Each structure stands twice: as C-alpha cells, then as structure tokens.
**Student:** 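Let me give you the structure first, and then I'll get to my questions.
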Protein chains: 2
Amino acid sequence: MRLKKELSPSQKKIYDYLKERAQQGKTPPTVREIAAAVGSPGPSSVQYQLVSLEKKGFLKRSPLHSRSMEVIGLPPIARQAPIVGRVRAGLPNAAEEEIVGHFPIPDFFKEKDCFVLEVKGDSMTGAGIQAGDYVVVERRSEAANGELVVALIGEEATLKRLRKSGGKVALEAANPKYTDIEPEQLQILGKVVGLFRTL
Amino acid sequence: MRLKKELSPSQKKIYDYLKERAQQGKTPPTVREIAAAVGSPGPSSVQYQLVSLEKKGFLKRSPLHSRSMEVIGLPPIARQAPIVGRVRAGLPNAAEEEIVGHFPIPDFFKEKDCFVLEVKGDSMTGAGIQAGDYVVVERRSEAANGELVVALIGEEATLKRLRKSGGKVALEAANPKYTDIEPEQLQILGKVVGLFRTL
DNA sequence: GCTAGTATTGAACTAATGTTTACATTTGTC
DNA sequence: GACAAATGTAAACATTAGTTCAATACTAGC
C-alpha cells in the first residue's frame with residue numbers, strides 16, 4: 001500500500017490519528033475530536049476530508065451514527081486466551097480457574113476454545129518443550145494416540161503424550177528421567193496446539 | 001472476581017454484552033443499542049443499570065459523551081507485529097517491507113520494535129528452531145556474541161547465531177549440515193527474542 | 001492573469017444520544 | 001397482606017455530534 005502518495009498532508013494526519021486510536025483499542029473519535037487533534041478550528045474541514053478518505057477507500061463509515069468510522073486494512077483484534085495458574089478439577093468450561101494473566105493467540109485458533117499454561121517441569125524436553133515455555137491448549141476431553149495433552153491426575157495437571165494401545169491408556173513423558181503413568185482415572189483437559197518461548 | 005453473585009440478571013446481560021463488544025474490538029454501544037440488544041423497550045432502564053454497574057465498579061464512563069463506557073478488568077489489547085515475507089536491504093525501519101500478515105505478541109515486548117518471520121530452512125534445528133516456526137525479532141543493528149540474530153547477507157535474510165572472537169565476526173548455524181559464514185559485509189536486522197510454534 | 005479543482009473556515013441545522021423525571025411493576029421481607 | 005427497595009417503563013429534555021451550506025482562500029495548469 002502506497003498511502004503517502006495518494007493522501008494530502010491533512011488527510012494523512014487524520015488517517016494516522018484514526019489508525020493510532022484504533023491500534024490503541026480506544027473508541028473512534030468524534031469529528032470534533034479529530035479537529036482538535038489535527039489543529040482544525042471547526043468540524044467542517046475534517047468532515048470534508050473524511051468524505052474524501054472514504055471515497056478513496058481508506059475508511060468505512062455509516063452516516064448519522066456517532067463515532068462510526070473504521071480504518072480499512074488494519075489487522076483484526078487478536079484474541080487473548082487466559083493464562084491459568086492452576087487448573088482445577090471439575091468442569092472444563094468453568095470460569096473458576098485461577099487466571100493469572102492473558103496471552104494473545106494467533107488467528108489459527110480463532111474458533112477454538114483455548115487456554116494457556118506455563119510449563120513447569122522438564123518432563124517434555126524431548127518433545128522440544130522446556131520449562132518456562134507457554135503452551136496453548138485447546139479444551140477437549142478426548143485425544144488421539146500420540147497427541148500431546150494436558151491431563152488431570154488427581155489434583156495435578158500434567159503435560160504428557162497420550163498413548164493408547166488396546167484398551168490401555170498411558171501418559172508418556174518425553175524425558176527418560178520419567179516413567180510412564182497408567183492412571184486409573186484419567187481426565188483430559190485439552191490438547192496442546194501451540195508453543196511460545198522467550199529467547 | 002465473583003461477578004454473578006453481585007449482578008442482577010439484567011445487569012449481567014448488559015455487562016456481558018459490553019464485554020462481548022469490547023473483546024470483538026467494536027465500538028462501545030449507545031444506550032439505545034444496549035436496550036435493543038437486551039430487549040429493553042427504552043433507554044432509561046439501561047441508563048439506570050449502567051449507573052449501578054458503575055457504582056459497583058464494573059464500568060467506567062464519562063458523562064455527556066457518546067459511547068463512552070469501558071469495562072473494567074479486561075485485558076488490554078494485544079500488540080501485533082507485522083509478519084514480513086521478505087526482508088529488504090536498506091533502512092531497518094522502512095515501512096516498505098513485504099508485510100504478509102500480522103502476528104499478536106505478548107506484553108513482554110511491549111516497548112520493543114518487533115517484526116515476525118516465518119522460519120524457512122532447517123539451519124537452526126540445533127537451537128530448537130524448526131521450519132514453520134514463527135520467530136519474533138527485535139529490530140536492532142547490533143548484537144552480542146552468542147545471540148541469535150537475523151542478518152542480511154547480500155539480498156538474503158538468514159537466521160544465525162552471532163560469534164565474535166577477536167576482530168572476527170562469524171554467523172554460525174546450529175545444524176552440522178551447514179558451515180559457518182564469515183561475511184565481508186554484515187548487516188544485522190534484529191535479534192530473535194521469541195518463538196511460536198504450532199503443534 | 002484566469003480558471004478549475006481542492007482545501008479551509010464559521011455558522012447554522014438536524015439527528016442521535018445521554019440524562020432526568022415521574023410513574024408502574026416486580027421482588028423481597030416482615 | 002403491607003411495606004420498602006429495586007427494577008422496568010414511558011415520555012420529555014438537554015447536550016452532543018454528524019451534516020450542510022455559503023463564503024473564502026489556496027494551488028496547479030494554461
């Protein structure tokens with residue numbers, strides 16, 4: 001997009017202001033707020049330019065509605081998944097988990113119901129997951145053989161690989177230090193779909 | 001936060017509606033829009049509840065301004081960094097890169113000027129970075145010994161580990177398949193600070 | 001210099017929006 | 001059942017905000 005060439009200085013000023021507001025997540029401004037921001041004494045000049053900007057395709061507005069302007073071409077807002085500090089037993093949808101923060105997740109996961117966990121131990125280093133990593137977990141109660149899952153064993157949430165063979169179900173660590181677990185009762189909280197690491 | 005206990009049904013309806021709008025990135029609604037959404041025939045009932053919600057500390061509003069309500073306690077908007085498809089030579093701040101998308105990045109990087117690259121080759125598998133990963137890169141023109149950097153060699157952007165010994169500078173792959181490079185001209189575009197992988 | 005298109009300004013107008021008031025209805029409590 | 005508090009409704013009011021209009025300056029091209 002080669003904006004600068006097509007926009008007059010005052011149009012660019014207005015456009016940049018709108019973009020800034022949008023990226024900060026604030027409400028779109030009123031015409032008079034824009035006027036104040038760009039140093040125009042009245043709303044009419046801004047109004048004129050807004051029409052121009054809309055004609056050129058940089059804005060979308062609906063007439064007769066307050067603050068109803070939208071900059072075209074900005075990335076949509078990122079969804080945030082809760083970082084749960086401690087996963088509780090019980091309903092997987094319960095809002096009663098300990099939410100210690102929020103983590104933005106990419107569009108791939110748009111439709112999925114996800115939460116984020118900080119990895120504590122070193123039991124999955126063999127799968128490329130280290131302590132301190134954040135894993136994105138899709139909530140589901142079942143998983144296929146070989147998938148990385150977050151499972152609840154007793155009161156503890158653990159990150160393991162699921163192994164199904166015959167009627168048996170096992171949770172396998174990816175670190176030889178740990179031995180496999182074959183729990184009597186297994187509640188799967190979700191499947192690991194993403195991984196974020198700070199370097 | 002134990003909302004349900006403290007909010008009447010209609011208050012919760014309004015609160016949820018406001019939260020939904022906010023999380024979708026839309027503009028806050030007008031009192032009458034809320035009324036329509038929750039099935040109230042007029043604006044005054046909603047007005048009454050908005051005052052209650054504000055008293056209870058769930059909202060912040062500034063009177064006499066349209067659409068000026070803000071749900072308290074929502075996570076701030078996530079910053080998005082551009083995914084650059086091809087890094088060009090020249091100014092590191094140039095807006096003329098090929099932006100192929102946007103990627104949300106966590107708060108840690110709030111202040112930094114970042115961009116995101118999709119990893120192409122397998123030259124860094126030894127450092128736990130695979131093809132298909134997305135790396136978050138902080139723009140800077142210098143880096144210390146041992147840091148992972150994105151550097152420009154000729155026209156090509158590559159992901160390597162920087163080695164400085166004496167007066168010499170080398171770019172080291174983390175895969176024995178590749179040999180080190182000691183370029184005559186080295187332009188560092190940034191330092192790798194984060195990594196995202198889809199599993 | 002002249003003209004056409006563009007940009008700015010100030011004032012006024014109208015629709016939209018927040019607010020208030022008074023009254024009806026529900027809900028909970030004794 | 002009676003009362004009080006909370007809630008829902010309806011209509012009017014006041015302010016804000018989007019829009020229009022006429023007048024004026026500014027610029028580019030001839």
Side-chain angles (χ1 to χ4, degrees), chain A residues 2-22 24-72, chain B residues 2-22 24-72:
Chain A
R2 202 153 286 116
L3 303 184
K4 295 167 189 175
K5 302 282 172 60
E6 303 178 11
L7 293 182
S8 74
S10 58
Q11 283 172 356
K12 181 160 166 38
K13 228 170 161 182
I14 293 175
Y15 180 81
D16 286 344
Y17 176 63
L18 292 178
K19 214 164 84 177
E20 190 192 324
R21 293 267 303 216
Q24 289 176 348
K26 295 184 181 174
T27 70
T30 65
V31 177
R32 285 169 176 80
E33 275 174 344
I34 301 175
V38 301
S40 174
S44 43
S45 172
V46 172
Q47 169 74 3
Y48 175 83
Q49 300 293 11
L50 287 178
V51 175
S52 300
L53 282 169
E54 195 175 13
K55 270 186 196 159
K56 293 183 181 176
F58 294 100
L59 288 184
K60 205 175 64 185
R61 324 202 294 149
S62 40
L64 297 182
H65 283 283
S66 68
R67 301 171 189 272
S68 65
M69 58 197 73
E70 194 183 327
V71 179
I72 291 182
Chain B
R2 200 155 285 115
L3 303 184
K4 294 168 188 173
K5 302 282 173 61
E6 304 178 9
L7 292 183
S8 74
S10 58
Q11 283 172 354
K12 180 158 167 41
K13 229 170 160 183
I14 293 175
Y15 180 81
D16 286 343
Y17 175 63
L18 292 178
K19 216 164 82 177
E20 192 191 324
R21 293 268 302 217
Q24 289 176 346
K26 294 183 183 174
T27 71
T30 66
V31 176
R32 283 170 177 81
E33 275 174 344
I34 301 174
V38 302
S40 174
S44 40
S45 172
V46 172
Q47 168 74 5
Y48 174 84
Q49 300 293 11
L50 287 178
V51 174
S52 301
L53 282 170
E54 194 176 13
K55 268 185 196 159
K56 292 181 181 176
F58 294 99
L59 289 184
K60 206 174 64 185
R61 321 202 294 150
S62 40
L64 299 183
H65 285 283
S66 67
R67 303 170 188 273
S68 66
M69 57 198 73
E70 193 183 328
V71 179
I72 291 181

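All values reported here derive from a predicted model rather than from experimental measurement. Letters A, B, ... mirror the listed sequences (proteins, then strands); counts begin at 1.
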**Student:** Starting from P on C:dA7, measure out to CG on A:Leu50 and report it in whole angstrom.
**Tutor:**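 Interatomic distance, CG of A:Leu50 to P of C:dA7: 13 Å.
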**Student:** Hey, is the side chain of B:Ser40 poking within less than 4.0 Å of OP1 or OP2 on D:dT9, counting only N and O atoms?
**Tutor:**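 So the side chain of B:Ser40 is within the cut-off, an N or O lying under 4.0 Å from OP1 or OP2 of D:dT9.
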**Student:** What is the distance from CD of A:Gln49 to P of D:dT19, rounded to the nearest Å?
**Tutor:**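 After rounding, the gap between these two atoms is 15 Å.
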**Student:** Hey, does B:Ser52 reach any base, or is it just sugar-phosphate, or nothing, if we go heavy atoms under 4.0 Å?
**Tutor:**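 Nothing, no nucleic acid heavy atom in range.
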**Student:** Measure CG/A:Leu59 against C1'/D:dG18 and give the value in whole Å, please.
**Tutor:**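 Atom-to-atom, A:Leu59 to D:dG18, this comes out as 15 Å.
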**Student:** For the side chain to side chain contact (heavy atoms under 4.5 Å, CB included) test, which of B:Ile14, B:Ile34, B:Leu53 pairs with B:Met69?
**Tutor:**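 Going through the options one by one, the only one that passes is B:Ile34.
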**Student:** Using atom types as modelled, flag every donor-acceptor pair under 3.5 Å from a side chain in residues 41-51 of chain A to any protein atom, sequence neighbours excluded.
**Tutor:**
{"residue": "A:Gln49", "atom": "OE1", "partner": "A:Gln11", "partner atom": "NE2", "Å": "2.9"}
{"residue": "A:Gln49", "atom": "NE2", "partner": "A:Ser10", "partner atom": "OG", "Å": "3.2"}

**Student:** Starting at OG of A:Ser40, measure out to CZ of A:Arg32 and round the result to the nearest 0.5 Å.
**Tutor:**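 So the gap between those two atoms works out to 11.0 Å.
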**Student:** How long is the span from the CG atom in B:Leu7 to the CZ atom in B:Phe58, to the nearest 0.5 Å?
**Tutor:**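 With rounding to 0.5 Å, CG (B:Leu7) is 4.5 Å from CZ (B:Phe58).
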**Student:** Could you measure the distance from the OG atom of A:Ser66 to the NE2 atom of B:His65? Nearest 0.5 Å is fine.
**Tutor:**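 Rounded to the nearest 0.5 Å, the OG-NE2 separation comes out at 12.0 Å.
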**Student:** Quick one: what's the B/S/- string for nucleotides 10-20 of chain C, heavy-atom cutoff under 4.0 Å, read 5' to 3'?
**Tutor:** B----SSBBBB
**Student:** Count the heavy atoms belonging to other residues, nucleotides or ligands that lie under 6.0 Å from NZ of A:Lys60, then report whether that count exceeds 12.
**Tutor:**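 Counting other residues, nucleotides and ligands, NZ of A:Lys60 stays at 12 neighbours or fewer.
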**Student:** At how many degrees, to 10°, do the end axes of the helix from C:dG1-D:dC30 to C:dC30-D:dG1 meet when each uses five pairs?
**Tutor:**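 Overall, the helix from C:dG1-D:dC30 to C:dC30-D:dG1 bends by 30° from one end axis to the other.
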**Student:** Starting at CD of B:Gln11 and ending at P of C:dT26, how long is that distance when rounded to a whole Å?
**Tutor:**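 Atom-to-atom, B:Gln11 to C:dT26, this comes out as 19 Å.
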**Student:** For A:Tyr17, which of A:Arg21, A:Lys13, A:Lys19 qualifies under side-chain hydrogen bond (donor to acceptor under 3.5 Å, both in side chains)?
**Tutor:**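 Exactly one pass, corresponding to A:Arg21.
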**Student:** Hey, what do you get for CZ (A:Arg67) to CZ (B:Arg67), rounding to the nearest 0.5 Å?
**Tutor:**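 So the CZ of A:Arg67 and the CZ of B:Arg67 are separated by 8.0 Å.
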